[in-house]
Amino acid sequence: MKIATWNVNSLNVRMPHLKQWLAAAQPDIVALQETKLEDAKFPDTEIAALGYRCVFSGQKTYNGVALLARHDMPEDIVTDIPGMDDPQRRILIATIGGLRIANLYVVNGQAVGSEKYAYKLDWLARVTDHLAGEAARHPNLVVLGDFNIAPEDRDVHDPVAWKDQILCSVPEREALRKLLSIGLSDTFRDFHQNDGAFSWWDYRQAAFRRNLGLRIDLVLASHALRPRLAGASIDLEPRRWDRPSDHAPALLELNA
DNA sequence: ATGGTCGGGAGCCGA
């Protein structure tokens with residue numbers, strides 16, 4: 001089965017892209033970020049017609065996450081971390097066909113040292129605490145989404161220019177390392193060791209054409225799932241289409 | 001050449 005994450009940067013604009021990509025890639029589970037739609041406006045009937053059930057946690061203008069599942073109805077939904085009073089819709093956890101799936105739209109953080117940066121680190125710490133509990137209850141755990149963190153220098157087109165900048169700073173990478181330490185691995189790196197593999201490219205400066213990107217969209221899987229890991233990839237095709245999202249889908253393939 | 005591009009929504013903020 002195929003599990004995917006894709007920051008669509010407005011589902012309103014990207015609905016045709018999503019349709020075309022679902023038909024081509026045939027994923028079983030899809031985590032979407034930056035839907036930018038309040039729940040009343042989520043196109044669930046249109047997506048149901050494509051063969052996917054969906055759950056979502058959205059808001060107007062900003063953020064918004066959704067999970068699409070081809071066979072099983074997502075169950076035991078979590079959209080808010082206990083004790084975390086946050087109006088920003090950035091997290092959606094559900095059980096789908098025996099897997100616990102946590103879809104994250106991690107805070108961007110704007111600039112190192114800013115208020116939003118402090119919020120990012122606090123958000124990550126709280127979410128990590130919650131996911132540690134999820135991992136204890138659900139051995140088959142997948143945590144995926146837009147992490148807004150490039151894990152290592154080989155995930156960055158120009159590590160010197162990005163050194164200690166937002167998405168690459170040591171505290172952000174340390175926060176990601178802590179999340180991994182609850183018992184998760186970055187599945188892309190279980191299969192690929194090369195640099196130059198990215199999932200996001202700025203709209204400016206023809207960054208995609210020049211492959212000036214970062215790998216910030218990740219699929220993490222628990223160690224219990226290790227024997228089932230069959231492949232990981234980033235699908236560059238939708239980034240080449242007209243009026244694309246600035247992110248490409250990242251995928252994990254699991255054996256039954 | 002000290003900017004550049006998107007999306008949302010009507011200013012400029014967020015990424």
Side-chain angles (χ1 to χ4, degrees), chain A residues 5-21 30-43 46-47 56-66 86-92 103-124 127 144-151 155-169 171-173 175-176 198-218 234-250:
Chain A
T5 178
W6 193 9
N7 179 323
V8 291
N9 187 16
S10 169
L11 188 52
N12 256 343
V13 174
R14 237 62 74 185
M15 197 60 198
H17 306 68
L18 179 65
K19 274 190 187 179
Q20 189 174 340
W21 187 72
V30 184
L32 301 178
Q33 303 86 35
E34 284 205 89
T35 54
K36 300 187 179 179
L37 286 173
E38 50 195 332
D39 290 349
K41 296 191 174 170
F42 195 89
E46 206 177 341
I47 289 172
F56 35 87
S57 179
Q59 65 185 96
K60 212 173 138 178
T61 311
Y62 304 113
N63 309 314
V65 283
D86 191 349
Q88 300 195 25
R89 305 289 82 196
R90 297 180 173 276
I91 184 160
L92 181 58
N103 176 11
L104 306 184
Y105 175 45
V106 175
V107 178
N108 174 284
Q110 198 169 50
V112 173
S114 67
E115 261 182 50
K116 292 191 177 94
Y117 182 74
Y119 168 54
K120 178 178 197 171
L121 295 179
D122 181 60
W123 190 94
L124 280 163
V127 168
L144 76 176
D146 176 357
F147 284 74
N148 271 316
I149 300 170
D155 301 308
V156 179
H157 69 92
D158 185 346
V160 173
W162 281 85
K163 184 177 163 56
D164 297 328
Q165 301 300 303
I166 196 67
L167 313 184
C168 298
S169 73
E172 290 166 89
R173 287 176 170 175
L176 177 60
F198 308 129
S199 66
W200 170 82
W201 305 257
D202 199 290
Y203 283 123
R204 292 167 284 191
Q205 297 177 300
F208 180 67
R209 184 179 56 73
R210 301 160 64 201
N211 199 28
L212 308 180
L214 303 178
R215 192 175 66 90
I216 57 176
D217 299 273
L218 310 177
I234 300 168
D235 187 353
L236 301 181
E237 200 52 39
R239 189 62 176 81
R240 300 190 179 104
W241 296 344
D242 193 46
R243 213 178 172 190
S245 168
D246 45 351
H247 294 252

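Letters go in sequence order (proteins before strands), and every chain restarts at 1.
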(request) For A:K163, enumerate each residue passing the side chain to side chain contact (heavy atoms under 4.5 Å, CB included) test, keeping only those at least two apart in sequence or located in another chain. (result) none
(message) I need a per-nucleotide contact map over nucleotides 6-15 of chain B, read 5' to 3'. Cutoff is protein heavy atoms under 4.0 Å; write B for the base, S for backbone only, - otherwise.
(response) SSSS----SS
(message) Distance check, C1' atoms only: B:dA15 and B:dG4, in whole angstrom units.
(response) 15 Å
(message) With rounding to the closest Å, how many angstrom separate the P atoms on B:dG3 and B:dG9?
(response) 28 Å
(request) Tell me, please, which residues at least two apart from A:Q165 pass side-chain hydrogen bond (donor to acceptor under 3.5 Å, both in side chains). (result) none
(message) According to ring pair (Phe, Tyr, Trp, His ring centres under 6.0 Å), who are the partners of A:Y117, at least two apart in sequence or on a separate chain?
(response) none
(request) List in chain and number order the residues that pass side-chain hydrogen bond (donor to acceptor under 3.5 Å, both in side chains) with A:D39, two or more places apart in sequence or in another chain; answer none if no residue qualifies. (result) none
(request) List for me each residue that meets side-chain hydrogen bond (donor to acceptor under 3.5 Å, both in side chains) alongside A:R173, sequence neighbours excluded, and say none if there are none. (result) A:D153
